[in-house]
Amino acid sequence: MSDLEVQIDGVPVAPARGWRFEIVDPARGIGRLVNGLASMPVIVEGGASDWVVTIRGRRISVTVRSWRERMLAGADTAAAARAGPVAVRATLPGLILSVAASVGDAVEDGATLLTIEAMKMQNDVRAPRSGRVIEVSVHPGQTVATGAPLIRLE
Amino acid sequence: MSDLEVQIDGVPVAPARGWRFEIVDPARGIGRLVNGLASMPVIVEGGASDWVVTIRGRRISVTVRSWRERMLAGADTAAAARAGPVAVRATLPGLILSVAASVGDAVEDGATLLTIEAMKMQNDVRAPRSGRVIEVSVHPGQTVATGAPLIRLE
Amino acid sequence: MPPFARLLIANRGEIAIRVIRACRELGISPISVHSDADVDALHVQMADSSERIGPPSPRDSYLSIEAIIDAARRSGADAIHPGYGFLSESPDFARAVEAAGLVFIGPPPETLESLGNKLAARRGAQAAGVPIVPGTTVALGDDSHELAGIGYPLMLKASAGGGGRGMRRVDSPGALADALVAARREALAAFGDGTVYAERLLAPVRHIEVQLLGDRHGRLAVLGERDCSIQRRHQKLVEESPSPAVNPGTRAALFESARRVAASVDFHNAATVEFLLDADNNHYFLEMNTRLQVEHGVTELVTGLDLVAWQIRIAAGEPLADAVLNLAGRGHAIEVRLYAEDPYDDFRPSAGRITAWRMPAGPGVRVDAGVSADTDLRTEYDPLLAKLMVYADDRPSAMDRLRRALDETLIGGVQTDAGFLRWLVDDASFVGGSYDTGLIGERWGTDHALDSELGALAATVALAARTMAETGRVRAPGSNRAGSAWGEVARREALRR
Amino acid sequence: MPPFARLLIANRGEIAIRVIRACRELGISPISVHSDADVDALHVQMADSSERIGPPSPRDSYLSIEAIIDAARRSGADAIHPGYGFLSESPDFARAVEAAGLVFIGPPPETLESLGNKLAARRGAQAAGVPIVPGTTVALGDDSHELAGIGYPLMLKASAGGGGRGMRRVDSPGALADALVAARREALAAFGDGTVYAERLLAPVRHIEVQLLGDRHGRLAVLGERDCSIQRRHQKLVEESPSPAVNPGTRAALFESARRVAASVDFHNAATVEFLLDADNNHYFLEMNTRLQVEHGVTELVTGLDLVAWQIRIAAGEPLADAVLNLAGRGHAIEVRLYAEDPYDDFRPSAGRITAWRMPAGPGVRVDAGVSADTDLRTEYDPLLAKLMVYADDRPSAMDRLRRALDETLIGGVQTDAGFLRWLVDDASFVGGSYDTGLIGERWGTDHALDSELGALAATVALAARTMAETGRVRAPGSNRAGSAWGEVARREALRR
């Protein structure tokens, strides 16, 4: 157990002193944090090393890894850093309203690549880093599912 | 399927014409009855041949048996009818307040045998049929669990 | 500033949760108590912390003054709310709380003492000029001649009684001697005091009560009446406010009597004065309960007030606001109590595990529940599961809302009185408002043969369920359910740590 | 006698359920409609029957006039309630309903037509002597000189607009031309009409609206105001009544303006007149919505009325009761909207399956929900999950109650705005009542780094969860859950039969 390390956004985090977690509804992941003087309802979802904890309405992604898992993950990240092109994918299913980027364009980090309508709202999809557009996989009027590749940057 | 027979209180019952059952929450046995014009929420619990259906707040025990199950059950009932003594058991856990019957008493069908306090209320336990008391297994002040034998009648 | 820092709730179930919610809103940290049977109870989960007070038997836990005072000391509470039932009207408990340097959310011990003696309360009301139910005002001896003037049928009642215990109906002089022996024995067993008195059995009669709030500065608010005439075993099942039987003149008379009774004792905090109302609109004092009533929510709905918050504020010395003193109710509220009881078998208590629990919601609906899905109902405690309350701008709309809310209510695993309540909202005497305390005996009765239409519907469901189960499409409760076993282990271990 | 026998609800989610409940209480059989995405939806389960109206895309289902009229014919409905959004303000729909011989629960098609044109509505209000937001009253051409008198910053708005679409803020004359092109394009795409107009951007300003009910006999009830100033993307998140910013004089002026606007059109049924209120208590007409508002429950709580029941009764020709005409509100109500949106990422919509769903209950709490545990949130539809409303006798108590209710609220599986709302009830400008429409931008802002205390608590939970999972004591959502797969199959099959 002492082998387990907790990270949030890649930063190691120590558990809160004096607090403990009690499960109330295991099927739904509902529980509470207690410290003898106060209590706070929480929800936990996930499994293995990837957990999402909801406290006071905020979903917090938490990684809990053993030493062995950390070693393996470190290798993955290093491999990813070496790789070149990056695929921009849809984070929500929706309707492509417009595509601002064309193959060959040089785009800056944060530039709007295209606009998706989802949940009655127009969402701009932005470049995750600077680069050159090497592929545009969608066109306006098309409906895309979550995870669908939209654009590739080199 | 046409092999299945439905009984309530030992009497065969035909399903309601025009109504069908839809399950809504299988884990909790929640569903509804619909006939195209109206709907009614229901709960179903149980398994195999023994079911309890709650409609409009009333729990109704329903037996659903195949031909084979009916044959086997018929044999059981016949055997039970031949048997002599009957055990009166606690239907609720509680505290024995008083015992009215003594070994050797001849009691009438419906006579009070003893009184149990359960859920803050005094409940009289009555004779299921006429007979002679051949055993008294409890005494006032004793706590009993559901199903505990209280008295045997011959 | 919150009136208290930490408040211990010496109760369980829905009323403990009701007080927890009031504490949260007032900025007070709520502390619950639990017997060994209640480690996983909802009221434990919702509090900031919970103290063990003993084994499941109420005598050794929720009724143990010593265990509760210990729990309050351990947890650093500065006040104790007793809820209703259990120790809520025990002068010894109130004294012990004060002796421990804590604030008791209720009236002074002396008031509990004098009103706990029903005979003394009858004499007090009579002295204050309030009509009482005809009967004796001193302890009954063995001489049946004392009762000659009352007339039969009559009721024998325990002077130390409450909650329907130690009551015996006597229909003729010949039955008196035996009944007297039985009533005394029952009263002695239940309350440690065999004193009984007699009241004429009035019928038809309605049970009307008046809600009071009094502060520690002599100010008294009269917050309308509740009609609690629908009862089984002398215990309430349904309450509404205003009463459909009370006209403005009668209301004024009831309020005046309630004020007089309150003025005759040293009262503060929340109390209810109970009356019987006969067909000619005469009212008779029955008793005064100096605690929160189960049915207080009905008054909250028509007044907009939070009675529990006011109880706590009053105990902390806060004066009643002027707006509370001059409050007029608005609209109509009805409460029905969801009990684990079988209305098809004389309202006999049922027990077991709740497999499904769906409560109604939406406009004008309030649910105060003490249980949820997977709660195990124990026979040691009161079978009240939840109070379903509705509010609307008039009585017919409230009735329609109640019917709708009951149709949304689903409880699986145990027989409840929901089927009776669903019948009730279609019953002409309830809908018409002309009912009295005899409703259940006369109109619900005891013959509850299953009608063939309901049987056919149940057959449809069971047949479909068996077919679905065999094709693996449904696993209904009753067969083993994944997860729950683990859950229990985890919960218990966490609490024991 | 019920006003109608069968009523079709041309909507989905919480508002469909709200109308279903009103139907049940009125003795009307409620019929729902569903797209292929909504076969298992709560509003389908709660109705007496449901008609399929097309594929998931709203354009082909909930916005298809033909499909809905067909569904009404098939099901034998005699009236249609449009809810809000979708076709609720479509004159074409209202006409089609009437042409089919059914009753439309709303105003006449001509009224929808004239008020749907925001420019015409501005002119109408001005003609009725009601102050309007400074700006143009005719369609904007390409000449920026028309706007010289308005001043910057200004807002471009679509004349056919609603719900925040087709709006563009312009900060300087140089940015006008591009903004005009963009606003026209967006308006044309959304509403098929590219007409835009300009209004001065007033700030700081509050958004106040007045609730009206009018019957078919010329009687009008003014049912108080709601403060809807807390918005993101020009859409409301929080509403309360009464407004903490409105004093009696301003209230009388707002009510008078609302009456004038209503009198200038042929209006009956439910409507809301929206105003902006500046720091000097000047009010300016914004628009009139002739339908039920999302936030109508806030008014129901302070008035005790059922607005949906009145909509249906009015449509059936019933006159407004005298008591409704002269109604004064009581107490204070606040509504917060639980949305599947990420407040830590600019309120971006989120989607997924709801794994846990616990709503608050108890005194003064009302929840109108459209989803429950295991609901799949689809991106085609509005991300509103539920409306949480509280009522108490004054604003501070309502605020305490809201905080308590939010603390009882638990939603798993998707990010919601619950964290923002929990922050809001501790925010000084909201608690103090001094907020304006700039609150989210100025006080919530965009920087939401996780504080270390919250991170440490999350770490505690995740570490314990992993340990419990490894010892088999808990199986959290995210790993596969037994039962749900079967359930879906069974549900779908049952509905297709």
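We name chains A, B, ... by the order of the sequence lines, and we start the count at 1 in each one.
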Verdict with reasoning, Arg366(C) to Glu335(C), per salt bridge (Lys or Arg N to Asp or Glu O under 4.0 Å)
CA-CA 9 Å; Arg366(C) 167 176 165 188; Glu335(C) 166 178 294; over 6 Å; no
Please test Lys387(D) against Glu295(D) for salt bridge (Lys or Arg N to Asp or Glu O under 4.0 Å), starting from the C-alpha separation and ending with a verdict.
CA-CA 8 Å; Lys387(D) 302 180 310 199; Glu295(D) 60 272 22; over 6 Å; no
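If you measure heavy-atom distances from Glu408(D) to chain C, the contacts under 4.5 Å come from the side chain alone. With a 4.5 Å cut-off on non-hydrogen atoms, Met359(C) does not touch chain D at all. Interface remark: Val324(D) contributes no atoms to any contact with chain C (heavy atom separation under 4.5 Å). Of the atoms belonging to Asp368(D), it is side-chain heavy atoms, and not backbone ones, that fall under 4.5 Å from chain C. The contact between Thr303(D) and chain C is made entirely by backbone atoms, counting heavy-atom distances below 4.5 Å. Neither the backbone nor the side chain of Val390(D) comes within contact range of chain C; no heavy atom of the residue lies under 4.5 Å from a heavy atom of that chain. For chain D, no part of Val308(C) is nearby; none of its heavy atoms comes within less than 4.5 Å. Leu301(D) touches chain C through its backbone: at least one of N, CA, C or O sits under 4.5 Å from a heavy atom, while the side chain does not.
Side chain of Thr375(C) to main chain of Ile354(C): no donor-acceptor pair is present (N/O by atom type, distance under 3.5 Å, no hydrogens or angles). Judged by distance alone, with hydrogens and angles left aside, the side-chain atoms of Glu300(D) form a donor-acceptor pair with the main-chain N or O of Leu307(D) at under 3.5 Å.
Counting heavy-atom pairs closer than 4.5 Å to chain D, the top-ranked of the candidates Val365(C), Asp393(C), Leu402(C) is Asp393(C). Options Arg330(C), Glu14(C), Met46(C) differ in how many heavy-atom pairs under 4.5 Å they form with chain D, and the most are formed by Arg330(C). Comparing Arg18(D), Arg401(D), Arg24(D) by heavy-atom pairs within less than 4.5 Å of chain C, the highest count is held by Arg401(D). Your options are Ala369(D), Pro363(D), Gly27(D), Gly304(D), and the one with the most heavy-atom pairs under 4.5 Å with chain C is Pro363(D).
Comment: Arg422(D) engages Asp407(D) in a salt bridge, judged by a side-chain N to carboxylate O separation of less than 4.0 angstrom. Using a cutoff of 4.0 Å between basic side-chain nitrogens and carboxylate oxygens, Arg226(C) and Glu239(C) are not scored as salt-bridged. Residues Glu470(D) and Arg466(D) are paired through a salt bridge, judged by an N-O separation under 4.0 Å between the basic side chain and the carboxylate. Arg403(C) and Asp400(C) are joined by a salt bridge, as a carboxylate oxygen and a charged side-chain nitrogen come within less than 4.0 angstrom of each other.
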